[in-house]
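Residue numbers begin at 1 in each chain, while the letters A, B, ... track the order of the sequences.
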Amino acid sequence: MKQATLQLAPPADYDLARDVCSYGYFLLAPNHWDHESRVLWRVFALADGPVLAEIAQPKGAGGKLRVRTSRSLLREGKDELVGQVTRMLRLDESAEMLAAFHRLDPRFKKCGRGRLFRSPTLFEDVIKTVTSCNVQWPGTITMNQRLCEVVGAKVRLGGVTAHAFPSAKQLAKVSAGTLRGRCRVGYRDKRIVELARLFSMPVKRGGIDQAMLQDPATSDDVLFRTLVDLPGIGPYAAANIMQLLGRYGRLPLDTESVRHGRTMLGLKGSSAQVMKKVHAHFAPMGDQAFRSYWFEMWTFYESKHGPAWTWERSTTGRLFTAAHLNK
DNA sequence: GGTAGACCTGGACGC
DNA sequence: GCGTCCAGGTCTACC
């Protein structure tokens, strides 16, 4: 089958290894980071079918990204793929936008940290967030792997089968029992199906208004209230989805944050008290609070396990959190 | 508005 | 190898 090769010009400071390996979702299926070749590959679900794509930043290419696909693409398919890659890699966050963060928190100016890896679609980000709630990280890895293998579209290439992340339409048709029994999502089963229905339904029939959620004109408060109204989304998940939407003013604090507050910031008190103190600690960062908090924690993980781009999903990628360090 | 308990799974631990 | 306990965020019932 004829392949396609696309060239993308990212922001001038873009570093694929650094900026992909910046948030745990790069370790979740269907994403595969090859730390030896420093290449990211995954199956993308496009309107005309799934396609396997490999993203690299070859030396000597002036920083440009090379995207190779497993099959040829029509113009519409190329545009759709570029849109999804741009969202996933946050290529629309310019060096100037990062400079605003670095002015507030100069600790990350030299290393250039600032972009956070996310998913090609908002729906995938929402489901990944739900699978990260009330479960330890290895459980999240398993759920995403199985969701892809059981429900996601397949691409066969050279005797190997790879899977896409399920679309909202696909997940809306799956029974809760299948999700629980085969994907091991537990009590999240009905909530995931309900979310998938809301995402696949037209807005005028009560579906989720994705344009509104992704519109910069929508206020943080409206966004938060809309998200916490969704099934399976509480305050933590809503704040996390907000950072995935580029709203960095709220902190999705969980037990990992409490550990960080106690061990790294020296905060004392009950979990609830430590969480309040962590909020207060990062409040001066205003609309950049999450990036300051996150990269402080990410730097701590890297100090224990080496640069994130060297992590493998099956080893360090399962055990990098502070919860495991404590053990 | 605040709190307690159920919801599930997988891993750790004790026997 | 088996049973028990625990971590984890959301949701609901109750005060």
Integer-rounded Å distance: [N] [atom2] and [X] [atom1]:
X	N	atom1	atom2	answer
A:Asn134	B:dG5	CG	P	16 Å
A:Ile141	B:dG11	CD1	P	10 Å
A:Leu147	B:dT9	CG	P	14 Å
A:His260	C:dG8	NE2	P	16 Å
A:Gln136	C:dG9	CD	P	10 Å
A:Met275	C:dG9	CE	P	6 Å
A:Tyr187	B:dA6	OH	C1'	11 Å
A:Asn240	C:dG9	CG	P	11 Å

Checklist entry - A:Gly139 near the nucleic acid: base, sugar-phosphate alone, or nothing, with a heavy-atom cut-off under 4.0 Å? => result nothing

Next on the checklist: What's A:Asp189 touching, base or sugar-phosphate or nothing? Going by heavy atoms closer than 4.0 Å.
Outcome noted: nothing

Checklist entry - Do you know the tightest heavy-atom contact between A:Val174 and A:Gln170? => result CG2-O, 3.2 Å

Checklist entry - Are side-chain N/O atoms of A:Thr129 and A:Tyr25 paired as donor and acceptor at under 3.5 Å? => result yes

Please tell me if [X] has a side-chain N or O lying less than 4.0 Å from either OP1 or OP2 of [N].
X	N	result
A:Arg180	B:dC8	yes
A:Arg184	B:dG10	yes
A:Arg259	C:dG8	yes
A:Thr255	C:dG9	yes

Checklist entry - Less than 4.5 Å apart, any side-chain heavy atom of A:Phe165 and any of A:Leu28? => result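 They are not in contact (no side-chain heavy atoms under 4.5 Å apart), so the answer is no.
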
Item to check | Inter- and intrachain pairs under salt bridge (charged side-chain N to carboxylate O under 4.0 Å, His left out), touching residues 21-39 of chain A, at least two apart | outcome: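 Matches after skipping sequence neighbours: none remain.
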
Checklist outcome for this item: A:Arg146 has its side chain closest, among C:dG9, C:dT10, B:dG10, to B:dG10

Item to check | A:Phe300 and A:His260 aromatic ring geometry - parallel, tilted or perpendicular at 30°/60° bounds | outcome: perpendicular

